Amino acid sequence: MNNLIILPIIIPIIAGLLMVIFKKSIKFQRILSIFAIVSTGAVAVILINQISKDGIQILHLGGWKAPFGVSMVADMFATILILVTSIVAVCCLLFAFQSIGEKREAYYFYPLFLFLITGVNGSFMTGDIFNLFVCFEVMLVSSYVLISLGGTKIQLRASIQYILINVISSFLFLVAIAFLYAMTGTLNFAHLAQRVAEVGQDGLLTTVAILLLIVFSLKAGLFLFYWLPGSYSAPPTAISAIFAALLTKVGIYAIIRTFYLIFYHEPQITHLLIGILAAITMVLGAIGAVAYGDINRILTYNVIVGVGFILAGVATLSVEGITGSLYYLIHDMIVKALIFLLGGTVIHLTGTSKLNEFSGLIRLHPQLGWMFFIAALSLSGIPPLSGFLGKVFITEGTFVTGYFWLGGIGLLTSLMVLYSIMKIFINGFWGYTVLTEETEKGTTKGLMLPIGILTALTIALGLGSEGIQTYVDLATQTLMNPEIYIRAVLGIK
Amino acid sequence: MPWLNMTIFIPFLFALLVPFIYKKFTPKIHTGWFVLVVPILIFIYLLTYIPAISNGKFIHSSLPWIPSYGINFTTYIDGLSLIFGLLITGIGTLVVLYSIFYLSKHREALNNFYVYLLLFMGAMLGLVFSDNVLVLYVFWELTSISSLLLIAYWYEREKSRYGAQKSMLITIFGGLAMLAGFIMLSIITDTYSIREMFTKVDSIVSHSLFLPAMLLVLLGAFTKSAQFPFSIWLPDAMEAPTPISAYLHSATMVKAGIYLVARMTPIFGGTAEWFWIVSGIGLITLLYGSVNAVRQTDLKALLAYSTISQLGLIMSLLGIGSAAMYFGIGDESEVYTVAILAAIFHLINHSTFKGCLFMVVGIIDHETGTRDIRKLGGLMNLMPVSFTLTIIGTFAMAGLPPFNGFLSKEMFLTAVLNVSQMSVFNMESLGSLFPIVAWIASIFTFVYSMILVFKTFRGKYRPERLEKKVHEAPIGMLLPPIVLASLVIGIFFFPNILSNYLLKPAVASILPSLAMGGEIYVKKISAWHGWNTELYMTIGIVVFGTLLYIYLRKWIRIYLFYPQSMTLNNMYNSGMEKSEDLFQSITNRYMTGSIRDYLVYIFAFIIFIIGGALWLLDGISFDHSQDASISVYEGGIVISMVISAVAVLLSNSRLTSIVAVGALGLLVSFLFVLFRAPDLALTQLVVETVTTALFLLCFYHLPQLRKEISKVRFKATNAIISIGVGVVVTIFALSVNGTKLFDSISSFYENSYELAGAQNIVNAILVDFRGIDTMLEILVLAIAGIGVYTLIKLRLSGGDENEGTK
């Protein structure tokens, strides 16, 4: 039992509620929000150290032992994600300070942001599938409000779609949980895993697993991503950046958790299906990214490609593949936030998202330009930046397991990703400078700090992969051996 | 840190300093003078390795990068990499010196230029000295990226950007293919080290991934070295400043593919596939490049095609030479070993004479303001030094004595003649093509070489077509090409010094299986072999070439017959354009923006996947033995529920719908009553009442419901989808209901009084056993409340666009 585990969930709740009370004091909200996120990050660091020393950390809430109560489980995989979430969230907050506007700040932007983080952290940490549903709800309801916060026309239109599709997926999730519970009689992940392993994963259980896959795919943007481009380009940059970095990742996390811990017995059905969906997702995403000359569209379709690529590694059910997916997941959270912040800054400066309406930004904004360049390379896994190792291992995983087509599509779409992002750089930053300091619509004041932090991170993670290797390997090891997780949660010696 | 690894980092580290140097000293001192130190020092440092390497030794050192995965920055100096290292730093020195005079310190952004240049230099050194394939790939991509930046150095020009993007797409595409090939090799051999792969050649050759790996690696090499049909990026790369064209796009970077092929020969060489692909593509490129060079009017474009052609020549030599591995140690392999020797020899020669030519063209451009052959002419008297340098460079290129190109060209002819006699790899039937293609390509090479010299320097001087007053370039600009030109001549007279110290070790490292104790036997290079076929071929080249040059005007029109739309370049352009259109129409087709369509996709997917899974995995099973019997009341309520649900669909007014929905809810609460769950029934009753009241309140403000008029197909799709989902989910639920695999954990909660002191089990679960769920659901309600509040209160102005756009 380790009480620290609840902190990443409870700190943002308490902080958020305090802010609701002190609605008027924006300064207080800013400081508290940063403080809350930094402290969840610090907790994650402590937990990571504890896990690498003593193994998986558990907290049975209310003292009710698994499988009867709700257990919070901090394994290396979940905890790393919590740490990365905190880092990305801090950067998005810093960006929001300068860009989100007084009105939104006064109307609960910060508490909503923290509630969103609560849901995300809870989803990573929970060891119970029904509690996962609840954490999803916290995350989703916060995102519904964030996406519509401000009530502009485009936001309202996007939020209708977003809410409708997510409500349907939540409903399906509930149906799936009910089916699963009817068959296995339990909700705890470890217990589910144990029971499914005991009876074997028959056709009906596999179908339930596929229903769960559909639910998580809707969240992750795997194949069922139609809601994503519209919703992610409607809200202000700080919000769409945090969405791009985190929301789809929660879906990916849930897929990995379910299909590595519980339903890994029929990979030729479930994991092959994930692989096929990943391939289609990558192709459609890349096609969409290349098709348009509009920053918002290019970026949102890139989110989709990233999802497909991570799940390509997941589909292999191999050490190489999942190692790659973990590296790429960490990378993708950072670099998606980065590229959205960069794209948002460009739009902020030029007042347009259409590439044929501006050019030559690099003359007045060399730092912004070069950071964009680095982010563009990083996004497509060009070495020695953070995406490289993940890309190599995912490709290796697909090759080792014979999914050559999957690995091939992954590499080809990474070229299309590079092309689509470099299109922004080549057309937007190069060429004749058309805007002067006077005709620009905004400034980069204060926006460069979060962008700089994330850029530094993508470089550092690329050059210093060795530094996180022990942790990622530990996470992989736990994922590849479900027994470790089951024993830890159920207290089997 | 080992010295050698350190050396490779020096350019990167220095690149970090460049912006500061630039800021401090511009415009007093040209930044290039500082940068010049870097290649000179590394060049001298590398020279010190020559004695050891020429004695057949190898030097290797390692620096851990990601040791846990076996990815280390291991460097390895052997004959092959040393030659490349010397070329990179040697030509690099000359190019930097040249650039000091070529690029104005007053007008140009020198900081960018030298940062990119140093980035490239470091990457290229890393590429040739790396032993680890992944590290090699890292540097490989870095060279592509620095090349991209250098091509777009004048980024305001549209053509620069176009050229940069094209080179990026093609070379990075190749890089990715190569990465895939490397990963396959590492899967086969379980190592990332090239040297270790050499020791496992047997298992590679017999592996099913042998051919895919080979093709992928070759794709990388061919794209980088501008082999047909990937050559199209190189002419557009000429938008880069001329020092860069001389350095990256003729002397070093484009030879990375050659390096890779040479480096991989010990693994793939000796097989028919390798032999045919490498030598075949090489020959095609040789011919393609030389034929296209003749019709160029821009001097740099001419040189670009010439480079393509010469790279093809070297490539084909490597292919031919790989046959030596098939024959193993013995006399038979010797003739093919000569081809490898010729490849390396010509590689060096090409770097010297082509580097020289590029620099001279840069001078002409610099002094006259144009590179257009049609505007130039008669510069001989005005620029005598440049003229002499051009003569040396072009004659070497055309393969004439007394210049180094003659020697390697003769060796090339020997190689193609020998290989046409080869009796393996199906060469009996096609072997004679080799010398024929080589000979024709050489004639064209001769023709464009003559065009380069005589159209520029002879003929009539037409100052009215030139922007500038023409005079000879400053000595600093002439010095680098003079150095190269003297090498061109020097190598002709003393080829065997080069051969003994550099070429032989390189051949030994390309063909390690033929080298005994690091030593390999190669013939002496000599200018005169007597009257043999090669010499007759050369005489033929000169005679036919001269004739073709003289009558150039008569036949040059033949090129016009070739349709423009069929050129590779146009195919690339229209391919890019069409694919963008295609991609747009694909995406627009399914991303309609209509929520109804998206729901159709989602539900259709559910029907298809879940229905399919149930069907195929034998998941459907109805077992009612455990079910309780259905009473009349229950049946009646369910039927009423169905009726009210259908009523919602059919009603034309909002009020009726609300009433029907309310009825549905009430009926559910009746079911709870029947199942003896009064508290649930009460809750449901309250919820239903409140929501119905709220709906009524809201809908009062909405306009009348209009009858939806839509096509039958539209409605039919909706109906099919919704019925389909209903059926699938119902079957699924019934099947699940009949398949209870375990007892539920719920029995644990039955003694909730003892466990939690609560008599009501539901309450105990809600607030104790699963208290966190309840707490978070309360939070959900709180957030939803905030949401409603903000929706009402906060209405920012904003139209259809994201508000970032103004």
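Residue numbers begin at 1 in each chain, while the letters A, B, ... track the order of the sequences. In this text the structure is predicted, and so the values were computed from the model without any measurement.
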Item to complete: Show the numbers, then the answer: is there a side-chain contact (heavy atoms from CB on, under 4.5 Å) between A:Phe130 and B:Arg770?
Response: CA-CA 10 Å; A:Phe130 186 79; B:Arg770 303 189 63 94; 3.4 Å; yes
Worksheet item: Side chain, backbone, both or neither: which part of A:Leu180 has a non-hydrogen atom closer than 4.5 Å to chain B?
Response: neither
Item to complete: Select, from B:Phe173, B:Phe605, B:Phe603, B:Trp140, the one with the greatest count of heavy-atom pairs under 4.5 Å involving chain A.
Response: B:Phe605
Response to the item:
Under 4.5 Å to a heavy atom of chain B? For A:Leu213 that would be neither
Response to the item:
Looking only at B:Phe139, B:Tyr749, B:Tyr590, B:Tyr69, most heavy-atom pairs under 4.5 Å shared with chain A are made by B:Tyr69
Discussion item. In this structure, is the centre-to-centre distance between the rings of A:Tyr162 and A:Tyr144 below 6.0 Å?
Written reply: yes
Fill in: Region of B:Ala733 that comes under 4.5 Å of a non-hydrogen atom in chain A
both
Fill in: Pair B:Thr587, A:Tyr292: side-chain N/O donor-acceptor within cut-off below 3.5 Å
no
Worksheet entry | Aromatic ring proximity, centroids under 6.0 angstrom, A:Phe179 and B:Phe732 | yes
Item to complete: Can you tell which part of B:Ile595 gets under 4.5 Å to a heavy atom of chain A, answering side chain, backbone, both or neither?
Response: both
Fill in: Side chains of A:Ser233 and A:Asn296, donor plus acceptor under 3.5 Å
no
Worksheet item: Taking 4.0 angstrom as the limit, do B:Glu156 and A:Arg363 come out as a salt bridge?
Response: yes
Worksheet item: For B:Ile606, is it the side chain, the backbone, both or neither that has a heavy atom under 4.5 Å from a heavy atom of chain A?
Response: both
Practice prompt. Could you tell me which portion of A:Leu164 (side chain, backbone, both or neither) has an atom closer than 4.5 angstrom to a non-hydrogen atom of chain B?
Written response: side chain
Practice prompt. Against chain A, work out which of B:Leu791, B:Leu179, B:Leu176 has the most heavy-atom pairs shorter than 4.5 Å and name it.
Written response: B:Leu176
Practice prompt. Show the numbers, then the answer: is there a side chain to side chain donor-acceptor pair (under 3.5 Å) between A:Lys423 and A:Tyr419?
Written response: CA-CA 6 Å; A:Lys423 206 157 72 171; A:Tyr419 172 73; 4.9 Å; no
Fill in: Top of A:Leu377, A:Thr395, A:Val175 for chain B proximity - count of heavy-atom pairs under 4.5 angstrom
A:Leu377
Worksheet item: Would A:Glu266 and A:Thr206 count as having a side-chain donor-acceptor pair, cut-off 3.5 Å?
Response: no
Discussion item. Ring centres under 6.0 Å, that's the criterion: do A:Phe388 and B:Tyr137 meet it?
Written reply: yes
Worksheet item: So, B:Ser160 versus B:Tyr153: side-chain donor-acceptor pair below 3.5 Å or not?
Response: no
Fill in: Interchain contact, B:Tyr162 with chain A, by part (heavy-atom threshold 4.5 Å)
neither
Worksheet item: Quick one: what part of B:Ile187 sits under 4.5 Å from any heavy atom of chain A, side chain, backbone, both or neither?
Response: side chain
Item to complete: Side chain from CB out, backbone as N, CA, C, O: work out which of these in B:Ser579 comes under 4.5 Å of a heavy atom of chain A, or both, or neither.
Response: neither
Worksheet entry | B:Leu582 versus chain A, the contacting section by heavy-atom distance below 4.5 Å | neither
Practice prompt. Let me know if A:Ile13 has heavy atoms under 4.5 Å from chain B in its side chain, its backbone, both or neither.
Written response: side chain
Worksheet item: Contact part of A:Leu411 toward chain B, heavy-atom cut-off under 4.5 Å: side chain, backbone, both or neither?
Response: both
Worksheet entry | B:Asp743, CG atom: more than 12 neighbouring heavy atoms under 6.0 Å | no
Fill in: Non-hydrogen side-chain atoms of A:Gln155 and B:Leu796 separated by less than 4.5 Å
no
Discussion item. Need one label for B:Leu755: side chain, backbone, both or neither, based on atoms under 4.5 Å from any heavy atom in chain A.
Written reply: both
Worksheet item: Under a 4.5 Å heavy-atom cut-off, does chain A meet the side chain of B:Asp768, its backbone, both or neither?
Response: both
Discussion item. I'd like to verify something: which residue of A:Leu284, A:Leu61, A:Ile382, A:Leu112 has the highest number of heavy-atom pairs under 4.5 Å with chain B?
Written reply: A:Leu284
Discussion item. Nearest 0.5 angstrom please: B:Ile609 CD1 to B:Leu614 CG, how far?
Written reply: 11.5 Å
Fill in: Residue B:Ser208 versus chain A: region with a heavy atom under 4.5 Å
neither
Item to complete: With a 4.5 Å cut-off on heavy-atom pairs, point out which of B:Leu148, B:Ile786, B:Val788 contacts chain A the most.
Response: B:Ile786
Discussion item. Can you tell me which portion of B:Asn588 sits under 4.5 Å from chain A's heavy atoms? Options are side chain, backbone, both or neither.
Written reply: both
